[in-house]
Amino acid sequence: MRRIELRSDTFTLPTNEMRQAMFEAEVGDDVWGEDPTVKRLEELAARKVGKEAALFVPSGTMGNLLSVMTHCRRGDEVVMESECHLYYYEAGGMSAVAGAIPRLVSSENGVMCPDDVKRAIRESNIHYAPPTLLEVENTHNRGGGTVTDIATLSALEGIARERGMRIHMDGARVFHAAHYLGVPVTEITAHVDSIMFCLSKGLSAPVGSILAGTEEFISRARRNRKILGGGMRQAGVLAAAGIVALEQMVDRLVDDHATARRLAEGLSQIPGISVNMRTVQTNIVGFDISGLGMTSSQFAAAVAEQGVHFSTMPPHGIRAVTNRHVSMEDMDFAVETIKELAASVR
Ligand SMILES: *Cc1c(COP(=O)(O)O)cnc(C)c1O
């Protein structure tokens with residue numbers, strides 16, 4: 001039976017070129033600053049996003065946590081979208097470890113309105129936690145892969161600067177945002193002080209993310225990474241795959257936008273399923289199955305029996321994340337499978 005993996009782009013496997021590069025990687029002790037392959041990845045990554053320096057980290061979660069640890073003092077407030085990954089899916093680390101508290105801004109589909117952000121940032125007052133960091137997620141995961149455009153970013157930057165705040169971008173999928181906007185990624189990252197992006201998602205590296213910013217910021221983040229136990233020794237074997245990811249896998253991400261659109265268009269024709277086509281911008285398709293009278297988990301289990309795997313956003317949401325292992329034909333097969341299921345339950 002064919003298997004169509006749409007639960008996440010984290011399921012992507014390393015390419016043969018990555019495995020070869022990992023095999024051949026020249027390595028050393030990176031905690032001592034002696035791994036040439038890690039250094040090469042960090043330099044390449046910094047250049048790619050137009051920042052002075054970059055740090056290779058084991059996960060996006062650690063990259064975001066390091067950003068909070070490095071930009072904030074304990075007791076500071078981080079202004080962020082209410083369903084952002086840092087708040088929703090990172091196990092409370094920003095409070096548990098970095099000692100910061102979130103101030104949540106609600107939005108439609110993950111893209112914050114500058115006016116709402118302005119209202120959320122309170123004036124300096126003895127009663128309030130000092131707001132020191134604004135966090136923007138681009139693309140927004142729970143929002144359905146939605147993109148914050150350059151004008152909005154620029155407005156958000158203006159607000160943060162006016163209040164003396166730093167800005168961090170959770171850019172786990174920032175290259176998708178750049179493709180959608182049709183701009184070089186540096187046009188996006190120019191509006192933030194630090195950026196985290198994932199090598200391990202659509203870019204298909206087995207492990208790792210990048211945190212980038214100024215030299216000074218990254219050298220403090222490097223020390224904080226050691227505190228978290230994220231100092232890795234011969235990490236060049238992993239960084240080698242990251243270099244291939246940045247050199248060979250960025251341009252093809254547009255293919256994942258095409259498969260996502262094909263899936264969304266097919267789904268939108270099925271009675272009982274609703275897709276908000278406005279949010280289908282990159283490689284994530286969120287849809288609602290309330291019209292089928294099933295729960296998310298019942299739906300996911302039923303289509304998984306036919307080899308099509310989705311993740312659930314309970315009670316009635318389903319999420320698909322396209323990636324290099326799924327084709328246009330796979331999307332048609334997924335749509336047919338769901339069409340049959342819908343016909344059988346209605
Ligand atoms: C996946 C993801 C992360 C975290 O990455 P991990 O490597 O899984 O820790 C952070 N932010 C967003 C938006 C993500 O999608």
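Indexing begins at 1, ligand by ligand and atom by atom, following the structure's order.
- Of the inter-residue distances, the one linking Gln248 atom CD with Ile243 atom CD1 reads 11.0 Å to the nearest 0.5 angstrom.
- Side chains of Glu5 and His325: no donor on one and acceptor on the other come within 3.5 Å.
- Taking the six-membered ring where the residue is Trp, the centroids of His316 and Phe299 are separated by 6.0 Å or more.
- Within 6.0 Å of CZ in Arg161 there are more than 12 heavy atoms belonging to other residues, nucleotides or ligands.
- Listed by chain and number, residues touching ligand 1 at under 4.0 Å (heavy atoms only) are Ser59, Gly60, Thr61, Asn64, His85, Glu90, Glu137, Asn141, Asp170, Ala172, Arg173, Met196, Cys198, Lys201.
- Arg40 has no carboxylate O lying under 4.0 Å from a charged side-chain N of Glu26, or vice versa, which leaves the two without a salt bridge.
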Using a 3.5 Å cut-off and no angle test, enumerate the donor-acceptor pairs between side-chain atoms of residues 56-68 and protein atoms at least two apart in sequence or in another chain.
unit_1 : atom_1 : unit_2 : atom_2 : d
Ser59  : OG     : Met62  : N      : 3.0
Asn64  : OD1    : His168 : NE2    : 2.9
Asn64  : ND2    : Glu90  : OE2    : 3.0
Asn64  : ND2    : Asp170 : OD2    : 3.0
Ser67  : OG     : His168 : ND1    : 3.2

